[in-house]
Amino acid sequence: MSDKKLIYMDSAATTNVAPEVFEAMTPYFKDRYGNASAIYDLAQESKTALENSRKIIADTIGANPSEIYFTSCGTESDNWALKSIAAAYKAKGNHIITSKIEHHAIHNTCMALEKEGYEVTYLDVDEYGTVKLEELKKAIKPTTILISIMYANNEIGTIQPISEIAKIAKEKKIFFHTDAVQAYAHIPISVEKDGFDMMSVSGHKFNAPKGVGFLYCRKGINLIPLLHGGAQESNRRAGTENIPYIVGMAKAAEIAHAKMEERAKSQKQVRDHLIERIINEIPYTRLNGHRENRLPNNVNISIRFIEGESLLLSLNDIGVCASTGSACASGSLDPSHVLLAIGLPHEIAHGSLRLSIDHKITMEDADYVVDHLKQIVENLRSMSPLYEDFKKQNP
Ligand SMILES: *Cc1c(COP(=O)(O)O)cnc(C)c1O
């Protein structure tokens with residue numbers, strides 16, 4: 001590694017493994033490698049670590065440990081939740097309601113279910129990216145078996161009125177699943193109080209390694225295996241358990257929950273400072289997402305007359321990692337489906353910048369980014385024919 005400056009503002013895409021997490025994991029790679037299904041002492045160490053981790057995770061959301069199923073990632077949890085409800089409750093109905101701003105792990109699973117004959121309603125959102133409760137109520141049919149709405153959006157940071165949505169589902173006896181990958185470890189969650197039947201989480205978004213996640217599934221729901229094989233995870237998710245990663249995720253969850261309030265407070269300060277400076281000091285910019293109901297770590301700004309990709313390359317040159325649209329959308333030229341859903345025209349959606357601030361980002365880092373961003377935007381605009389035309393028409 002060079003000692004080049006690095007300001008990592010892409011923690012909504014992934015995070016590093018925290019040193020304490022790495023340390024907690026290490027023995028399970030080296031000395032405590034037993035297969036949790038065996039009966040000798042070495043295996044029992046793994047079994048104990050597995051069940052302790054399940055208890056730690058369950059406690060963070062007020063669930064029973066038996067309601068936590070370890071998976072390989074957030075995508076798996078999302079797929080499993082939707083496909084399982086669809087298959088298990090087919091006799092009751094074939095209609096699923098979701099939103100237009102879901103992560104691809106939900107969106108593309110819904111599209112796949114449509115091909116299998118399920119009917120899916122993709123709810124519109126308002127200009128801030130909030131699901132409209134009246135629209136949701138109107139979309140419910142006698143055949144609706146599942147509502148799946150994300151807790152907080154990964155691109156624009158908008159937090160949904162999630163317990164109200166859950167309440168509507170409950171009143172109609174419809175299962176409610178939430179993709180809480182961006183919310184977990186940042187916002188306090190209680191599956192009882194919030195009224196969730198199922199919830200997806202991914203470890204690598206909160207300083208656990210990539211390749212581990214979990215699905216919360218309320219007791220009594222018929223959870224159909226996605227993978228068939230051994231008896232692991234109460235016969236629901238076969239495959240030898242990934243003990244080091246599960247231990248790491250539990251450690252990361254513990255740390256994130258112990259420090260949640262303190263971190264959120266400092267992240268909000270940096271977030272608001274970034275938003276205020278960018279909006280005030282760079283002309284023709286706008287904030288995307290809700291101003292208050294917003295993840296503490298999310299800044300998403302549209303900067304007119306520039307291309308997101310060029311902006312990211314210029315930021316990379318000064319050691320800043322950021323994102324335009326979602327990570328999955330970069331590499332394709334289509335503007336993000338989330339920015340289109342909140343009503344941005346294509347050309348404005350193209351020039352959007354997401355800065356996600358983890359707890360290590362300081363005010364100085366934020367100032368460094370804005371100071372350089374001003375110059376970068378000016379340079380890029382000076383090369384833009386669109387900007388030139390605009391200036392001619394609006395002298
Ligand atoms: C990152 C992310 C996922 C996917 O999680 P993986 O563990 O990377 O598969 C799903 N939903 C949201 C909202 C995300 O931000």
Side-chain angles (χ1 to χ4, degrees), residues 61-64 66-69 77-103 105-126 128-153 158-184 187-201 215-224 226 236 290 293 341:
I61 55 170
N64 191 290
S66 65
E67 297 172 312
I68 304 295
Y69 298 87
S77 302
D78 280 342
N79 269 261
W80 192 8
L82 269 52
K83 290 175 182 171
S84 175
I85 294 287
Y89 296 93
K90 210 172 181 169
K92 223 183 126 207
N94 72 337
H95 182 228
I96 294 167
I97 300 175
T98 185
S99 81
K100 283 195 180 157
I101 59 159
E102 299 296 314
H103 188 275
I106 293 290
H107 189 79
N108 291 346
T109 303
C110 285
M111 305 263 274
L113 287 170
E114 276 187 292
K115 288 211 179 97
E116 287 177 30
Y118 291 89
E119 186 195 354
V120 181
T121 301
Y122 301 88
L123 293 175
D124 281 321
V125 292
D126 68 13
Y128 303 109
T130 309
V131 167
K132 303 171 194 163
L133 299 181
E134 285 312 310
E135 300 280 313
L136 169 63
K137 285 182 197 161
K138 269 190 255 162
I140 293 173
K141 306 178 185 197
T143 51
T144 311
I145 48 174
L146 174 68
I147 297 173
S148 179
I149 304 282
M150 71 198 319
Y151 196 133
N153 186 267
T158 300
I159 299 168
Q160 299 298 332
I162 206 74
S163 36
E164 288 164 65
I165 294 172
K167 205 169 141 209
I168 292 168
K170 191 171 187 177
E171 276 165 13
K172 300 278 184 188
K173 298 193 164 55
I174 298 164
F175 292 119
F176 180 64
H177 165 261
T178 190
D179 174 339
V181 172
Q182 292 291 333
Y184 181 81
I187 302 173
I189 294 176
S190 154
V191 288
E192 281 313 319
K193 255 193 255 145
D194 294 325
F196 301 160
D197 295 314
M198 298 173 113
M199 178 176 83
S200 301
V201 171
L215 176 68
Y216 158 78
C217 181
R218 183 181 293 281
K219 189 167 177 266
I221 293 177
N222 185 1
L223 184 63
I224 293 183
L226 193 62
R236 298 298 198 307
H290 199 282
N293 299 331

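Each residue takes its place number in the sequence, starting with 1. In this text, all values refer to a predicted model and were calculated from it rather than measured experimentally.
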Any donor-acceptor pair under 3.5 Å linking the side chain of [X] with the backbone of [Y]?
X      : Y      : result
Ser84  : Ala81  : no
Thr158 : His290 : yes
Arg236 : Ile224 : no
Asn64  : Glu67  : no

Looking only at heavy atoms, which two atoms of [X] and [Y] are closest? And how far apart?
X      : Y      : result
Ala180 : Ile189 : CB-CD1, 4.2 Å
Thr144 : Ala139 : OG1-O, 4.3 Å
Ile101 : Gly129 : CD1-O, 3.4 Å
Arg218 : Glu192 : NH1-OE2, 3.2 Å
Met198 : Cys217 : CE-SG, 3.7 Å

[Y] and [X], any side-chain heavy atoms less than 4.5 Å apart:
X      : Y      : value
Ile187 : Tyr151 : yes
Tyr89  : Asn222 : yes
Phe175 : Ile145 : no
Val125 : Lys132 : no
Leu123 : Thr98  : no
Tyr122 : Glu102 : no
Thr130 : Gln160 : yes
Glu119 : Ile96  : no

For this session: Let me see the working for Leu215 and Leu223 under side chain to side chain contact (heavy atoms under 4.5 Å, CB included), right down to the final yes or no.
Result: CA-CA 11 Å; Leu215 176 68; Leu223 184 63; 4.0 Å; yes
Exercise. Are His95 and Thr121 close enough, and set up right, to give a side chain to side chain donor-acceptor pair (under 3.5 Å), and what steps lead you there?
Worked result: CA-CA 8 Å; His95 182 228; Thr121 301; 2.6 Å; yes
Atom pair [atom1] ([X]) and [atom2] ([Y]), whose distance is rounded to the nearest 0.5 Å:
X      : Y      : atom1 : atom2 : answer
Ile165 : Thr178 : CD1   : OG1   : 8.0 Å
Leu82  : Thr109 : CG    : OG1   : 6.0 Å
Ile97  : Ile149 : CD1   : CD1   : 8.0 Å
Ser190 : Ile61  : OG    : CD1   : 8.5 Å
Glu135 : Ser99  : CD    : OG    : 12.5 Å
Ile85  : Lys90  : CD1   : NZ    : 14.0 Å

Problem set entry | Neighbour count >12 (heavy atoms, 6.0 Å) for atom NZ, Lys170 |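 Atom NZ in Lys170 is not packed in, count stays at 12 or less.
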Exercise. Any chance OH of Tyr128 has more than 12 other-residue heavy atoms, nucleotides or ligands included, within less than 6.0 Å?
Worked result: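 No, not enclosed.
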Problem set entry | Stacked cation flag Lys83 on Tyr118, 6.0 angstrom / 45 deg | no
For this session: Kindly indicate, with the supporting measurements, whether the criterion side chain to side chain contact (heavy atoms under 4.5 Å, CB included) is fulfilled by Ile140 and Ile174.
Result: CA-CA 9 Å; Ile140 293 173; Ile174 298 164; 3.5 Å; yes
Exercise. Parallel, tilted or perpendicular: which describes the rings of Phe176 and Phe196, with under 30° parallel and over 60° perpendicular?
Worked result: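 Geometry flag for Phe196 against Phe176: tilted rings.
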For this session: Walk me through it: do Tyr216 and Tyr69 pass the test side chain to side chain contact (heavy atoms under 4.5 Å, CB included)?
Result: CA-CA 6 Å; Tyr216 158 78; Tyr69 298 87; over 6 Å; no
For this session: For the residue pair Asp78 and Ser200, confirm or rule out a side-chain donor-acceptor distance under 3.5 Å.
Result: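 Yes, side-chain donor-acceptor contact under 3.5 Å.
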For this session: Before accepting this row, confirm whether a basic side-chain N of the pair Glu164/Lys167 lies closer than 4.0 Å to the acidic partner's carboxylate O.
Result: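 No, no charged N to carboxylate O under 4.0 Å.
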